[in-house]
Each structure stands twice: as structure tokens, then as C-alpha cells.
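Count residues from 1 along the sequence. Order of appearance sets the numbers: ligands from 1, and atoms from 1 within every ligand. All values below come from the heavy atoms of this structure, side chains included, with hydrogens, waters and symmetry mates left out.
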Amino acid sequence: MSKVLITAKTHPYLIDHLKEKGYQVLYHPAISYEEAYQLIHECAGLVVTTRIPVDRRLIDRGIHLQWIARLGSGMELIDVAYATSKGIRCVSSPEGNADAVGEHAVGMLVALLRHFRVSYDQLKEGIWEREKNRGYEIGGKVVGIIGYGHTGSAFARKLSGFGATILAYDKYKTGFGNEYVQEVSLETIFRQADIVSLHVPLTEETHHMVNRRFIHSFTTPVYLINTSRGAVVDTHDLVEALKEERIAGACLDVLENERIDQLTDAEREDFQYLLHHPRVIITPHIAGYTHEASLKMAQVVLHKLGI
Ligand SMILES: O=C(O)[C@H](O)COP(=O)(O)O
């Protein structure tokens, strides 16, 4: 019986379906990399999130491995080229959590522009403050989307009822404009955007894409939304830009170093600054984390694998 190693918490549908199809499921949602290394040589399938990296060492030990299924979108921790060169099929499931990410990005934006966090903190201190919490509407603003894949387009769709002008730029795609999104150049986004949302994968090219230079390219201070990967933004440059008011505010679901208990002194200083800034909201990488998404991701990988 073929074995499948599942290395992260998943929807029961995935386990039940694999069992129904005759797989023996090794469900270890809290497994470490080394423990996975010990089991992988027995397995035909491997299911992962970002909990453990799938590097050459793990792939080499997976002598019976036929496929790797990523519950989620980002593939930066899987050596896809190496796995593919060894005949191992790699599938991801960005279709499964894109709606969740799109909704979360919209939610964060509303929360930021309408002072949810700050006003709630004030309420807890017994302060009923209205004037200082007068907010901004999304309607009438120009929103620039960078990266028009699954989450970029989901964000645009969710945002489309708000009455904003939605611009999108994708370095690798054209012809995606539609009734609510205008396809534009990056320069147009720099010139026109009030709000910018990042929807690019983390690659060598996008690492620290949002740095001082990038931020200074905008005509006016923008609100930044990042639900992609923390390292797409140079955190220190973001902090400096907030201090200089080159960035009006930020919604961050991802951080460069998400191990907040293991930050260096410099990282901790930046993190504390962001945490306490009145126009920054941070969530712990949960944009794609919904009950619905976990089922959809399971369905997507099974469908792609033809199981
Ligand atoms: O890439 C994704 O789909 C999301 O960032 C979630 O990834 P993770 O849950 O595996 O960290």
C-alpha cells in the first residue's frame, strides 16, 4: 500500500479521501524536518505547507516519492526544479486560499483606514474618541495591485464593490484587464496609487523589492498591504519610510522573520516600532487561513494529482 506523509494540519477530507483511494496516510501535523527525513523513504506522496522545507536532502531520501503536494501557494521552500528533475510531480493549490487572502487584504485595509485597532485599544482604556478616529473611505481612492495571480485577482474582485479605481501590474502577464481592473505599468501605479497591495511570490527578484528606492518612487505616501511574503518588503526601510511619512500606513499579514521569539535586536526594534505604530496593523500570517480554504486546498491538490 502506497504511503503518504502529511506534515501539517489539514482538512479531514484529504486524509479520508486518500484512505478511500487506498493510500496509507501517515498524518503527522507537528512533524519536524528530521522526523520527516526519517519517514520519507517509505512514502510515495508528501503533503506540505511552509512548516518544513523540501530540500535536496529530503528529496534524495524520498526514493519512492512520486508527488509533492503543497497545501497553499508559495513554493519557495520546495526545490521544485530538483524534484521535477527526479520525476517527482509538484503541485500547489493557490486556487484554494486565494479568496481567503483577498478577503483578508480588504478586511485589513478597512480596519486600517477606519482605525479599528487604535479605537478598540482606546475603548479598553475607557476612551470614547470619535474625532481622532475619523477615517478614510476606500471609495474614490486608487488601489494598485502588484502581481495579478490568484490572490491579486481575488483581492481585486473582493474590492470591486468599494468604488475605488483598481490598477494592476504584473511583470509576467498581460491581457488581464477587465470591467473593474485596469492593467497598467508599474510607473502608473507609482504615479497614481493611494493604496498598494503586494501579490507576488518570494523569489530572488522580489526579495526586498519594496525598499527605500521603491517607496520613494511613489508620488504621494501610500498605504501598503502585504499578504504575500514578509521578505518582499525590506522591513527596516519600511520602518524608516513610516517615520518619514513616505508610507501612510501598512497592513502586514507577513513579516520577514515570523519567528517573533527569535528576533535579532535590530529585528525586534523594527517589530516593536511596527506593533505600536498607530497606522500599522499586523496579523500572524493568517490571510489564507480559513476553514473553507483548508478544504478547498485539499480538493485542489487531489484534483491536480488525479486522485
Ligand atoms: O503560501 C500560502 O499559501 C500561504 O502563505 C500559506 O502558507 P503556509 O500556511 O504554508 O505558511
Whether Lys243 engages the ring of Tyr273 as a cation-pi pair (distance to the six-membered ring centre under 6.0 angstrom, angle to the ring normal within 45°) should be assessed.
yes

Nearest protein heavy atom to atom 3 (O) of ligand 1, by residue and atom, and its distance?
Ser73 N, 2.6 Å

Do Thr283 and His104 pass the side-chain hydrogen bond (donor to acceptor under 3.5 Å, both in side chains) test, and can you show the C-alpha distance, the side-chain angles, and the key distance before you say yes or no?
CA-CA 10 Å; Thr283 50; His104 195 87; 3.0 Å; yes

Would you tell me whether His150 and Ser73 have side-chain atoms, one donor and one acceptor, within less than 3.5 Å of each other?
no

For ligand 1, which atoms, with element, lie under 4.0 Å from some heavy atom of Gly72?
3 (O)

Work out whether the distance between some heavy atom of Arg70 and some atom of ligand 1 is less than 4.0 Å.
yes

Between ligand 1 and Leu71, is the shortest N or O to N or O distance under 3.5 Å?
no

of all protein heavy atoms, closest to atom 9 (O) of ligand 1 is Tyr289 CE1, 3.2 Å

Is there side-chain contact between Leu275 and Ile282, with at least one heavy-atom pair below 4.5 Å?
yes

Give the residue, atom name and distance (to 0.1 Å) of the protein heavy atom nearest atom 6 (C) of ligand 1.
His285 NE2, 3.9 Å

Non-hydrogen atom of Arg229 closer than 4.0 Å to ligand 1
yes

Which is it for Val254 and ligand 1 at heavy atoms under 4.0 Å: side chain, backbone, both or neither?
neither

Nearest protein heavy-atom contact for atom 11 (O) of ligand 1: which residue, which atom, what distance?
Thr50 OG1, 2.3 Å

Which atom names give the shortest non-hydrogen contact between Asp79 and Ile59, and what distance separates them?
O-CD1, 3.7 Å

Answer yes or no: is there a donor N or O on one side and an acceptor on the other, between the side chain of Tyr289 and the main chain of Pro284, under 3.5 Å?
no

According to the interplanar angle, ranging from 0 to 90°, do the rings of Phe176 and Tyr148 count as parallel (below 30°), tilted (30 to 60°) or perpendicular (above 60°)?
parallel

